[in-house]
Amino acid sequence: MATQTLQLRPLGNTGLKLSSVGFGASPLGKVFGDVSEQDAFAAVREAFRLGVNFFDTSPYYGGTLSEKVLGKALKALGVPRDQYIVSTKCGRYKEGFDFSAERVTRSIDESLERLQLDYVDMLQCHDIEFGSLDQIVNETLPALLKLKEAGKIRFIGITCLPLGIFTYVLDRVPPGTVDVILSYCHYSINDSTLEDLLPYLKSKGVGVISASPLSMGLLTEAGGPEWHPASSELKAACRAAVDHCKEKGKNISKLALQYSLVNTDISSILVGMKSIKEVEENIAAALELATAGMDEETLSEVTDILKPVKNQTWPSGIQQS
Ligand code: NAD
């Protein structure tokens, strides 16, 4: 009998094939609570063993800690560099935002050193709604194109929360400048607004990564972190959905991850993971989806509970004219 493996999906025009479940490494920066280095290494190793080939981090996560821990963990795998795909970011730091050409050019060298790598597969401008979009278009992205030419990065991405920012930038840069977008909290059971943007992104040949299928912890039994920006109404609705699943003996995180994985126009669903247990549960959820499909009954009940807050989001970024 053939062993079941995690699906690989093409990423826009990049030629890369990402595992449908990607490893979000922000928890390795302790943003969701303490994580020992041992647990972090074990989680990365187990994810890779089970078919995850895509790892995402940022200098912002844990003030560079996530990059350092991920770098060590990947090195410890002892496998050829072309067997895993690494994405990091630039422009957002513990100290604040800086999307200047000078800063992002310095940033990649710092990231490569922390990650112990010669290049990253993707460098993404991190949360651009906090920067000047004119600067992103006219200064930051041209600087990243130079880094591409220099071989330090293979592909260029942008990340942000408000979906309209993606179209604003993509409509103002030459085709092929932005290879990939990373959206978060817009393709999970409580908010699926990314779906409307997918045909546009496809027409532009831009690869799509969707992060935070568990709504940054709201769709987990442990709940979201204290800093979670959702309204108390949205948090309470998610808590009610979690409780409902618990009472039924169902796992809301499994349901939520499977919901996000169904749409194959999204190349990878990035889920934050910090332990072998979470990795194994999430990969099992993906494999089970492929063979058994979803628990439609529970999904329908959870959808009903979340209906009053469906597609509710929160403000993010600076006002731009
Ligand atoms: P998420 O929705 O993936 O939730 C992560 C939380 O859920 C963590 O506390 C994790 O420990 C927990 N979890 C994971 N699997 C679980 C399971 N099976 N059972 C119970 N709990 C489980 O949110 P996220 O981590 O913010 O997003 C995923 C990744 O996407 C991040 O790590 C980051 O790499 C990326 N991301 C990027 C941006 C951006 O670029 N602006 C924004 C958000 C996320």
Side-chain angles (χ1 to χ4, degrees), residues 18 21-35 39-40 43-44 46-47 52 54-62 65-67 69-70 86-92 97 122-131 157-163 165-166 180-191 194 209-230 238 242 245-246 250-261 266 268-286 288 313-314 316-317:
L18 306 187
V21 176
F23 190 104
S26 70
L28 305 193
K30 304 191 182 184
V31 305
F32 290 98
D34 197 31
V35 185
D39 283 348
V44 169
E46 185 67 350
V52 172
F54 174 42
F55 299 84
D56 176 74
T57 183
S58 162
Y60 176 62
Y61 300 150
L65 182 64
S66 169
E67 282 193 331
V69 174
L70 180 66
V86 179
S87 147
T88 193
K89 312 200 181 80
C90 62
R92 180 166 203 179
F97 291 89
M122 284 169 240
L123 183 65
Q124 316 218 40
C125 303
H126 195 172
D127 292 344
I128 56 173
E129 71 270 36
F130 289 93
I158 50 177
T159 88
C160 63
L161 183 73
L163 293 168
I165 301 269
F166 289 122
V180 52
I181 65 110
L182 188 161
S183 162
Y184 72 102
C185 287
H186 287 313
Y187 206 96
S188 55
I189 306 177
N190 60 290
D191 181 340
L194 175 63
I209 296 164
S210 178
S212 314
L214 313 182
S215 296
M216 298 196 301
L218 294 184
L219 300 178
T220 67
E221 287 189 7
E226 198 159 335
W227 50 260
H228 201 296
C238 289
V242 171
C245 288
K246 207 172 169 184
K250 304 283 182 179
N251 182 339
I252 187 127
S253 302
K254 174 176 156 183
L255 193 74
L257 178 59
Q258 289 183 332
Y259 174 88
S260 301
L261 282 166
I266 298 171
S268 190
I269 301 295
L270 267 175
V271 54
M273 297 186 268
K274 58 180 176 323
S275 66
I276 286 192
K277 182 172 178 282
E278 287 180 356
V279 168
E280 287 180 346
E281 272 184 27
N282 293 337
I283 307 304
E288 195 184 305
T313 185
W314 48 86
S316 180

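These values consider heavy atoms only, across backbone and side chains, with no hydrogens, waters or symmetry-generated copies. Remember, it's 1-based here, ligands and their atoms both numbered in the order they're listed.
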Say you draw a straight line from NE2 of His126 to CZ of Arg92; how long is it, rounded to the nearest 0.5 Å?
6.0 Å
Geometry only, no angles: is Ala211 polar-contacting ligand 1 at N/O separations under 3.5 Å?
no
Within a distance under 4.0 Å of any heavy atom of Pro27, pick out the atoms of ligand 1 and give their elements.
32 (O)
Do any N/O atoms on Gly272 end up under 3.5 angstrom from N/O atoms on ligand 1?
yes
Pick, from Leu218, Thr159, Ile269, the option with the minimum heavy-atom distance to atom 40 (O) of ligand 1.
Thr159
For ligand 1, is there an N or O atom under 3.5 Å from any N or O atom of Leu182?
no
Relative to atom 27 (O) of ligand 1, which among Ser316, Ser253, Ser212, Ala25 owns the nearest non-hydrogen atom?
Ser212
Nitrogen or oxygen atoms of Ser26 and ligand 1 under 3.5 Å apart:
yes
Below the 3.5 angstrom mark, is there an N/O of Thr57, backbone or side chain, next to an N/O of ligand 1?
no
Any nitrogen or oxygen of Asp56, side chain or backbone, less than 3.5 Å from one on ligand 1?
yes
Applying ring-ring contact (aromatic ring centres under 6.0 Å, His included), can you list everything that pairs with His228, at least two apart in sequence or on another chain?
Trp314
When rounded to the nearest 0.5 angstrom, what is the spacing between CD1 in Ile269 and CD1 in Ile209?
10.0 Å
